[in-house]
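All chains are named by letter (A, B, ...) in the order of the sequence lines, taking the proteins before the strands, and each is independently numbered beginning at 1. Predicted model, so just to flag it, every value in this text is computed and none were measured.
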Protein chains: 2
Amino acid sequence: MYHKQIVNVDRVKQVNTAAIYRLIDLQGPISRIQLSEQSQLAPASVTKITRQLLASGLIQEVAQQASTGGRRAISLMTLQRPYQFISARLGRGVLDISLYDLSGSQQAHQQLSVQSKDPNEVTEQIIEDIDAFIEQYHDNQPLIAVTLTLSGLVATASGTVVYTPHYEFRDFALGSKLEEHYKLPIFLGNDTRAMALSEHYFGASQDCLDSALISVRNGTSAGIIIGGEVFMRQHRDVGEIGHIQIDPLGELCQCGNLGCLETVVSNKAIENRVRKIIEQGSPCSLSAAQVNINAICHAANMGDQVCKQVLQHCGQTLGRAIAIVINLFNPEKVLISGEIMQANDIVISGVQQSVSHQALAAFERDTTIQAAQFQQNPTMGGLALVKRALHDGSLLLQLLDS
Amino acid sequence: MYHKQIVNVDRVKQVNTAAIYRLIDLQGPISRIQLSEQSQLAPASVTKITRQLLASGLIQEVAQQASTGGRRAISLMTLQRPYQFISARLGRGVLDISLYDLSGSQQAHQQLSVQSKDPNEVTEQIIEDIDAFIEQYHDNQPLIAVTLTLSGLVATASGTVVYTPHYEFRDFALGSKLEEHYKLPIFLGNDTRAMALSEHYFGASQDCLDSALISVRNGTSAGIIIGGEVFMRQHRDVGEIGHIQIDPLGELCQCGNLGCLETVVSNKAIENRVRKIIEQGSPCSLSAAQVNINAICHAANMGDQVCKQVLQHCGQTLGRAIAIVINLFNPEKVLISGEIMQANDIVISGVQQSVSHQALAAFERDTTIQAAQFQQNPTMGGLALVKRALHDGSLLLQLLDS
DNA sequence: CTACTTATTTTACAAAGAAAATAAACTTGT
DNA sequence: ACAAGTTTATTTTCTTTGTAAAATAAGTAG
């Protein structure tokens, strides 16, 4: 059996401290009195809490605000630059490593290739590469965390990699291995879900509590943000939409089924389809050898009918999946990420067609569909994981003590 | 902008009192020391809270438990029978009214027909009929609430009916009209979602935190329970899966699209399909005139191939929708409700086929699919709405004061 | 009858937030 | 320039809540 949230006294302090830190972080320069209004805590409590945060160096007093008729308010801001962390991202055959500070500015970046698929070998390489990276790029500022994002299912709480499409991880305790080595808080997560959270904190979905990010690259997956948090079930995140059956008579998917979303909506599927049409002799500005996703988008933007048609069909199909997400989650914004968004207008118009037909009218009119903001930076997701840990108090308390 | 949960002192008491009440209600006869263990509150705190609950008559001391080597523990239970409420359900052309007590036993029931589709007229009828029902069946025990469930979208917090398929409600403030008349707490909700919650509290999904109920009757809709609560977005519930496009080349749906789930999975769709096959001359144990959902299920169970095939196909199609729900929500149990479950084995085997192919393996092996427990009683959903209000503290506090 | 267990209650206390009082910084009217 | 009034920030005082520890109650086992 289970019990729901019980509140004891210690927890109150933790929750409220985290809430105040979060407000200062999100709402930039803000006075104590404004914090009190927004948090519904008494001014006295805000003073108590901010005193502690000031003492530990997590926030600072900055300029005074203009007077509104009396004593001028003192603005508070979070300190970002002194807090650095490592964000790594394990893609298909690729390991990206970055050094960030909390402001979100990337101090250094490196990309390496990964040959092995064996969990132990890959883990070893990750540790070696990050070690070398730190050696080379990190100065003497304190590191507060190491994050790793990857495609696949991750049990976030236990730091276990349940499953990955590109490597042979199966219920592999990657988190504890990294923790053992670095003696730092480790944050592990699915890459799409982490990117969705990054868009929520810093990107295109900053202004809304409920959003979804659909990532179309090697495959298709979704990250769903509900109430400002990644939607999770029993400590593992969900959002694997790539194998929704979109057409019972469709193409064979590598998973063994017919007509999965990924058989139409993925870079490889798009490339294959264009190649096929060219080989059938349709007039196209690309030769079969030139076909790749970037070229296709460029050609479509230039007016190439074949490429345009394929991308539009892809958009329509994606729209059917997005309509399902809208009906089930009713997000304010749906963001699409991936190389296809170089042909933004073509894809979006296809998506809109399907959504306007298939999503509930009451929901559809509330939902904006647009391109994601962070298309290029695969390690950006780690930043969100660190922010989240600060905002929910778990990492914040560790920094308060030290 | 928004702020997340802030905890102030008042709230602590409310949350913990509700949590203790919920534990006593769910875990039947239970001692204070067991409550302390399960709630992680100190024994002294449990004593304080239970004292209050005892004083207001919400719980009572029952038998002592057997000794485990020392003083025998005193069992506590919630009091159910003295608390009665009215549960109404507005279906297509039908109004069901029941009198329940908190134990879930139905004291009286009445079914009436509804002719009008006009919101004001329907509201007037509901009030008149409930008044007459109370007059006839209710004795002098206190009524603590009135609930109304219906198909359509309901904004639970504001008591507004956003949309209904069978009546012309559009953003209609039904809740406040009822509240004005009855001067009692009113709980309004979508019927499928309320039934899903009832299954969670009292039925087939009692033992799990995450479940889904799929209702197949006039249409198809889902109720999704996450963490023991109805999954909601900005105060309105979601789960309208009836218009997921399941086949881009499928039949025309009344919503104007092709191949919606409801064009295959609904009582009417099944009946039409069987009728069509019979008219085409296939040998069937039913005549076209005899066709209705109950007869079809019975014939299928007796081995009729036409009926069996249609139901199996319906199951397979439903399975595709359920696979989506499983991939997105990862519930422990999926319950199916509706007349089709009279042919339980046939439908479930079809569902299982699709799910085993299309749901993620990691999720599918954790998910049980079975028939819902409360198939017959349309007002059962209201019971869950009242329970929820007691368990989350909102209704509990009103009863504590009085 | 004594020693030991277990359950519950009482007492004393610590921590957090609320309310009121005070201090500080500024604006405005004279 | 200066008093009066505002607005913000902080401090003090008080109430509430939960908890630890001690006390009490009610059993068991030998």
Margin query: Apply ring-ring contact (aromatic ring centres under 6.0 Å, His included) to residues B/F329 and A/F329 and explain how you reach the verdict.
Written below: CA-CA 11 Å; B/F329 292 98; A/F329 292 98; 4.8 Å; yes
Between CD1 of B/I33 and P of C/dT5 the distance, given in whole Å, is 16 Å
Taken to the nearest whole Å, CG/A/L41 to C1'/C/dA16 is 10 Å
From CD1 of B/I30 across to C1' of C/dT8 the rounded distance in Å is 15 Å
Presence of B/S31 side-chain N/O under 4.0 Å of C/dA7 phosphate oxygens OP1/OP2 = no
Here the distance between atom C1' of D/dA9 and atom CG of A/L76, to the nearest Å, is 11 Å
Quiz prompt | Distance-only polar pair, side chains of B/S36 and B/Q34, donor-acceptor under 3.5 Å | solution = no
Is a donor-acceptor pair below 3.5 Å formed from side chain A/R72 to base C/dA25, judging by atom type as modelled?
no
In whole angstroms, the gap separating C1' of D/dT11 from CZ of A/R51 amounts to 8 Å
Worksheet item: Would you say a side-chain N or O of B/N16 is under 4.0 Å from OP1 or OP2 of D/dT17?
Response: no
| said: Tell me if the CD atom of B/E180 is crowded by more than 12 foreign heavy atoms within 6.0 Å. | reply: no
B/F231 ring center within less than 6.0 Å of A/F231 ring center: yes
Between B/F85 and B/F187, does the ring centroid distance fall short of 6.0 Å? no
query = Is the base of D/dG18 touched by the side chain of B/K13 through a donor-acceptor pair closer than 3.5 angstrom?
reply = no
inquiry  = Under 4.0 Å, counting only non-hydrogen atoms across every strand here, what does B/A44 touch: a base, just sugar-phosphate, or nothing?
reply    = base
Rounded to whole Å, the CD-C1' distance (B/Q34 to C/dT8) equals 14 Å
Between NZ of A/K48 and C1' of D/dA9 the distance, given in whole Å, is 15 Å
| said: If the cut-off is 4.0 Å, is B/S45 near the phosphate of D/dT19, judged by side-chain N/O to OP1 or OP2? | reply: yes
Here the distance between atom C1' of D/dA9 and atom CG of A/L54, to the nearest Å, is 13 Å
query: Looking at C/dA7, does its base get a donor-acceptor pair with the side chain of B/R71 below 3.5 Å?
result: yes
